[in-house]
Amino acid sequence: MLRLLGCLPALVLVGAAPVERLRTLGEAEQFAPGIASTRFSEVRLTISPDGGTALWFSRDRPGGAGGYDIWMSRRSAAGWGPARPVPFNSAGRDFDPAFSADGRFVYFCSDRAGGAGGDDVYRVAVTGGGFGVPVNLGPEVNSTGNEFAPMLSPDGRTLLFSSDRPGGAGGHDLYTAYRRGDGFAAAGPLAGAINTAANEFDATFLADGATIVFARAMDFRKDRVDLFHAAPSRGRYDAGTQLSGSVNNDRDTYGPMLDWSDRGRLTFSGQRDDGGMDLYRIRYRLSIAR
């Protein structure tokens with residue numbers, strides 16, 4: 001089993017280990033209403049480190065290449081520009097985009113032809129002209145099951161994602177894979193109590209590179225989905241604590257992502273009225289409790 005001790009030196013101490021505690025600040029702000037947040041369902045907002053590009057996906061917005069498509073908006077002095085589908089969408093499901101911390105790559109999921117089975121994790125380079133050619137991350141990361149919501153840690157060393165592959169604690173569980181050269185070593189489940197009989201999925205590291213915000217539901221097709229956070233102690237994660245009412249409500253909330261343009265801010269998707277999922281941002285603070 002993979003251990004997170006190597007990438008969490010600031011949080012793994014001899015004796016009483018500190019645990020990061022998350023507190024949200026103020027109210028959530030809807031992101032780019034009418035452009036990104038619309039009457040359709042928009043999920044998992046990721047913002048480039050320079051703050052100039054926003055990506056998200058929609059499962060029902062018309063105009064894309066397939067049923068699930070990734071969308072993009074560019075920011076100018078006048079604000080966020082019109083949304084358009086990214087050129088690397090396929091005729092299948094393309095979803096869960098996530099910029100890397102250096103802005104050089106976008107990680108995402110797709111069930112396009114040529115994968116290992118179900119939804120796989122891909123990476124596409126960000127180029128001066130737009131985007132390169134998507135590359136499947138291979139058998140070290142992908143399985144014959146479904147992989148969701150890839151996110152590369154702030155230091156670029158650890159890929160976090162979920163999978164419903166055999167051998168887990170429940171439906172979807174949270175996994176990590178460490179960087180090895182240009183690729184990744186074989187993935188393993190997060191250590192500790194974080195993976196349960198429920199589905200744990202849609203996870204993001206926060207700015208410390210250790211604390212995780214993730215979604216949980218016993219059955220995400222029929223049960224309400226809420227966001228939780230968990231921190232490691234001696235390399236093992238606790239079962240997680242539900243986020244406050246400024247994020248969760250009586251409807252679905254999922255798709256969290258660290259805002260690379262402002263690492264004190266978290267993005268997420270929530271249903272706040274009778275429409276679909278919309279995109280939100282909220283500030284947060286981590287404090288250390290012993």
Side-chain angles (χ1 to χ4, degrees), residues 1-9 11-12 44 46 48-49 55 70 88 90 93-127 131-169 172-192 194-195 200-214 230 232 235-237 256-258 260:
M1 180 180 292
L2 293 177
R3 300 167 70 238
L4 268 74
L5 296 178
C7 67
L8 304 175
L11 292 177
V12 180
R44 211 196 194 199
T46 183
S48 61
L55 301 176
I70 297 172
F88 57 86
S90 70
R93 291 159 44 97
D94 298 286
F95 61 103
D96 284 350
F99 277 105
S100 58
D102 58 12
R104 295 178 56 208
F105 293 97
V106 172
Y107 291 79
F108 70 101
C109 292
S110 179
D111 68 350
R112 64 187 61 198
D119 300 310
D120 281 357
V121 178
Y122 288 77
R123 179 175 65 188
V124 62
V126 179
T127 67
F131 300 96
V133 177
V135 176
N136 187 292
L137 293 194
E140 291 75 22
V141 171
N142 293 309
S143 71
T144 55
N146 296 293
E147 282 71 45
F148 291 171
M151 192 274 187
L152 195 63
S153 60
D155 66 5
R157 295 172 57 188
T158 307
L159 183 71
L160 173 66
F161 63 98
S162 75
S163 178
D164 63 357
R165 66 190 63 187
H172 269 259
D173 290 311
L174 299 179
Y175 287 78
T176 53
Y178 291 109
R179 285 292 298 269
R180 176 180 290 173
D182 292 333
F184 292 90
L190 283 182
I194 192 168
N195 289 320
E200 284 80 31
F201 61 105
D202 278 14
T204 181
F205 286 111
L206 295 183
D208 64 348
T211 304
I212 290 172
V213 173
F214 64 98
R236 299 178 66 82
Y237 280 88
M257 181 68 195
L258 180 63
W260 292 121

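Residues S143 and A116 come closest through the heavy atom pair O-CB, 3.4 Å. Considering every non-hydrogen atom in both T211 and P232, the closest pair reads N-CD, 4.5 Å. Closest approach of P154 and W260 over heavy atoms only: CA-CH2, 3.7 Å. Counting all heavy atoms, side chain and backbone alike, D111 lies closest to R93 at OD1-N, 2.7 Å. Counting all heavy atoms, side chain and backbone alike, G235 lies closest to A191 at O-CB, 3.9 Å. Residues E140 and A185 share a closest heavy-atom pair of CB-O, 3.7 Å.
Counting only distance, with no hydrogens or angles, the side chain of R44 and the backbone of D96 share a donor-acceptor pair below 3.5 Å. In this structure a side-chain-to-backbone donor-acceptor pair under 3.5 Å is present from T46 to F99. In this structure, D119 contributes its side chain and C109 its backbone to no donor-acceptor pair below 3.5 Å. Here the side chain of T204 pairs no donor or acceptor atom with the backbone of P256 at under 3.5 angstrom. Between the side chain of S162 and the backbone N or O of F201, no donor-acceptor pair lies under 3.5 Å.
Annotation: the span from M151 atom CE to T158 atom OG1 amounts to 10.5 Å, rounded to 0.5 Å. In this structure, CG in L258 is found 11.0 Å from CZ in F205, a value given to the nearest 0.5 Å. Atom CZ in R157 sits 11.0 Å away from atom CG in L152 (nearest 0.5 Å). A distance of 6.5 Å separates OH in Y107 from CG in L159, rounded to the nearest 0.5 Å.
Inter-residue side-chain proximity for P189 and D173 is flagged as unmet; no heavy-atom pair is nearer than 4.5 Å. Inter-residue side-chain proximity for R179 and F184 is flagged as met; some heavy-atom pair is nearer than 4.5 Å. Using a 4.5 Å cut-off on side-chain heavy atoms (C-beta onward), H172 and N146 make contact.
Residues passing the side-chain hydrogen bond (donor to acceptor under 3.5 Å, both in side chains) test with D94, sequence neighbours excluded: S90, S110, R112. Annotation: side-chain hydrogen bond (donor to acceptor under 3.5 Å, both in side chains) contacts of N136 (sequence neighbours excluded): D120, Y122, N142. For A203, the side chain to side chain contact (heavy atoms under 4.5 Å, CB included) partners at least two apart in sequence or on another chain are L160, L174, I212, F214. V124 pairs by the side chain to side chain contact (heavy atoms under 4.5 Å, CB included) definition with F88, V106, F108, F131, P134, not counting sequence neighbours. By the side-chain hydrogen bond (donor to acceptor under 3.5 Å, both in side chains) test, Y175 pairs with no residue at all, sequence neighbours left out.
Counting only residues at least two apart or in different chains, salt bridge (charged side-chain N to carboxylate O under 4.0 Å, His left out) contacts with residues 159-168 comprise E147-R165.
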